[in-house]
**Q** 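Next up is a structure, given as structure tokens.
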Amino acid sequence: MAWTKYQLFLAGLMLTTGSINTLSAKWADMFSAKGCRDDPEHRFAHPFVQAVGMFLGEFSCLAVFYLLLCHDRRSPEPKMNPGQHFNPLLFFPPAMCDMTATSIMYVALNMTSASSFQMLRGAVIIFTGLLSVAFLGRRLVVSQWLGILITILGLVIVGLADFFSGNKDEHKLSDVITGDLLIILAQVIVSVQMVLEEKFVYKHDVHPLRAVGTEGFFGFFVLSLLLIPMYFIHVGGGFSDNPRQVLEDALDAFCQIGHQPLILLALLGNTVSIAFFNFAGISVTKEISATTRMVLDSLRTLVIWVVSMALGWEQFHSLQVLGFLVLLLGTALYNGLHRPVLARIPCCAGMVEEEAESSPGERARLLGDGRVQAVDES
């Protein structure tokens with residue numbers, strides 16, 4: 001069945017805003033400007049300030065939820081299900097995981113390329129699959145185990161691409177390797193977040209926009225408060241690029257924004273895009289399917305890679321192409337995208353039916369950055 005114009009709009013909005021989200025964060029990292037003191041120009045390296053902006057974007061989803069709810073209640077026949085009452089503190093533990101993982105990833109984005117950053121985030125299915133078996137009692141089917149193994153291979157290839165290109169791009173090889181490892185570490189924390197949500201949150205009927213907004217609320221206010229002690233924690237030049245060499249210098253970030261207003265544009269792009277990305281992604285899942293959402297989320301990795309090369313932010317590396325394709329294959333297998341293809345082959349149809357019975361149904365899952373991804377229950 002052909003997509004409607006509205007469905008095409010939603011798919012385009014999700015792909016565009018999802019790509020802008022990573023590209024705008026990387027764009028902010030590339031600026032240099034003077035700070036609050038007489039220090040010379042230095043890079044805008046403020047990952048925790050950027051993370052606060054991202055959570056502000058998620059927090060804004062609460063406003064969108066209540067606006068849609070008010071509009072729906074004014075209609076003659078309300079259709080929107082606001083969900084049941086719940087204790088907001090249910091979202092506090094996964095929100096803290098989200099806050100930690102997001103902050104680590106923004107630190108890593110300062111050290112590696114935008115395309116590698118996006119590709120390596122595919123590692124989340126490895127740890128989510130393993131943790132779901134260990135703590136949720138889920139049984140993964142053969143294709144999901146194969147998808148995990150192929151994803152590991154893809155990560156190795158992307159890592160090798162970064163290793164061989166470390167001296168050619170703007171980042172030092174040691175920074176690139178550290179950044180890649182930090183991204184993978186962040187995916188472990190994201191996986192813990194997803195398991196917590198699965199075990200304690202999903203049994204409640206909570207609207208996705210409300211859930212994203214609630215996690216954004218906790219992340220925004222807790223991380224905003226943590227910026228105060230971070231201002232006084234000295235970590236040395238090996239970890240921090242700000243002049244005072246503290247964990248985070250929010251005042252320096254605001255002074256740099258004052259001297260270079262384009263940084264504010266990049267930060268606003270990150271904040272606004274995550275809000276629209278959440279809305280578009282949830283709408284795509286509702287209007288089309290969660291599988292379509294997963295495909296679009298994979299396509300934005302390609303968009304980010306192509307745009308980064310077009311802007312001269314990074315160079316073409318053939319190993320990255322291979323790594324992307326291998327990661328795409330692993331993700332497709334894990335999420336069951338091979339089943340419709342194999343079902344058309346007579347000799348494989350029985351195997352597909354048997355696997356489908358072991359893994360019934362596709363349902364929407366809320367991820368740490370507000371995305372909804374298709375997963376198979378078993």
**Q** Side chains of Leu69 and Arg73, heavy atoms from C-beta outward: is any pair under 4.5 Å?
**A**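 Touching, per the 4.5 Å side-chain cut-off.
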
**Q** Assess the side chains of Ser298 and Thr301: does a donor N or O sit below 3.5 Å from an acceptor N or O?
**A**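 No pair is found: no donor N or O on one side chain lies under 3.5 Å from an acceptor on the other.
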
**Q** Would you kindly say whether Ser273 and Thr17 are connected by a side-chain donor-acceptor distance under 3.5 Å?
**A**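 Note: Ser273 and Thr17 side chains miss the donor-acceptor criterion.
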
**Q** Out of the candidates Phe65, Phe217, Phe91, only one should pair with Phe59 under the ring pair (Phe, Tyr, Trp, His ring centres under 6.0 Å) rule; please name it.
**A**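 Result for ring pair (Phe, Tyr, Trp, His ring centres under 6.0 Å) with Phe59: Phe217.
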
**Q** How close do Met14 and Val284 get, heavy atom to heavy atom, and via which atoms?
**A**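 What the structure gives for the nearest pair is SD-CG2, 4.3 Å.
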
**Q** Below 6.0 angstrom between ring centroids: does that apply to Phe44 and Phe31?
**A**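 No.
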
**Q** If hydrophobic clusters are built from ILVMFWY residues whose side chains come within less than 4.5 Å, do Ile228 and Leu56 share one?
**A**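 Ile228 does not cluster with Leu56.
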
**Q** Would one find more than 12 heavy atoms of other residues, nucleotides or ligands at under 6.0 Å from atom CZ of Phe276?
**A**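 12 or below, so no.
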
**Q** Does Lys26 use its side chain to pair, donor to acceptor, with the backbone of Trp313 at less than 3.5 Å?
**A**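 Checked: no pair found.
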
**Q** Examine distances only and state if a side-chain atom of Gln50 and a backbone atom of Ala25 form a donor-acceptor pair shorter than 3.5 Å.
**A**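 Between the backbone of Ala25 and the side chain of Gln50 there is a qualifying donor-acceptor contact (under 3.5 Å).
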
**Q** Measure across Ser132 and Leu140 and return the closest heavy-atom pair with its distance rounded to 0.1 Å.
**A**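 Closest approach of Ser132 to Leu140, heavy atoms only: OG-CD2, 4.3 Å.
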
**Q** Using only atom types and a distance under 3.5 Å, with no angle test, would you say the side chain of Arg300 pairs donor to acceptor with the backbone of Leu15?
**A**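 The answer is no, because no donor-acceptor pair under 3.5 Å joins these two groups.
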
**Q** Verify the distance criterion only: is there a donor paired with an acceptor across the side chains of Gln256 and Gln260 at less than 3.5 Å?
**A**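 No, no side-chain donor-acceptor pair sits under 3.5 Å.
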
**Q** What are the two closest non-hydrogen atoms of Ala108 and Gly179, and how far apart are they?
**A**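 Minimum heavy-atom contact is CB-O, 3.3 Å.
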
**Q** Quick check against the 3.5 Å criterion: does Gln320 have a side-chain atom that pairs as donor or acceptor with the backbone of His317?
**A**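 Side chain of Gln320 to backbone of His317, a donor-acceptor pair under 3.5 Å: no, none is there.
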
**Q** Mark yes or no for whether His259, through its side chain, and Lys34, through its backbone, hold a donor-acceptor pair below 3.5 Å.
**A**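 Between the backbone of Lys34 and the side chain of His259 there is a qualifying donor-acceptor contact (under 3.5 Å).
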
**Q** Between Tyr231 and Asp252, is there a side-chain donor-acceptor contact under 3.5 Å, judged purely by atom types and distance?
**A**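 No, no side-chain donor-acceptor contact under 3.5 Å.
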
**Q** Which residue in the set Val326, Leu325, Ile152 passes side-chain contact (heavy atoms from CB on, under 4.5 Å) when paired with Ile157?
**A**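 Of the listed options, the one satisfying the test is Val326.
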
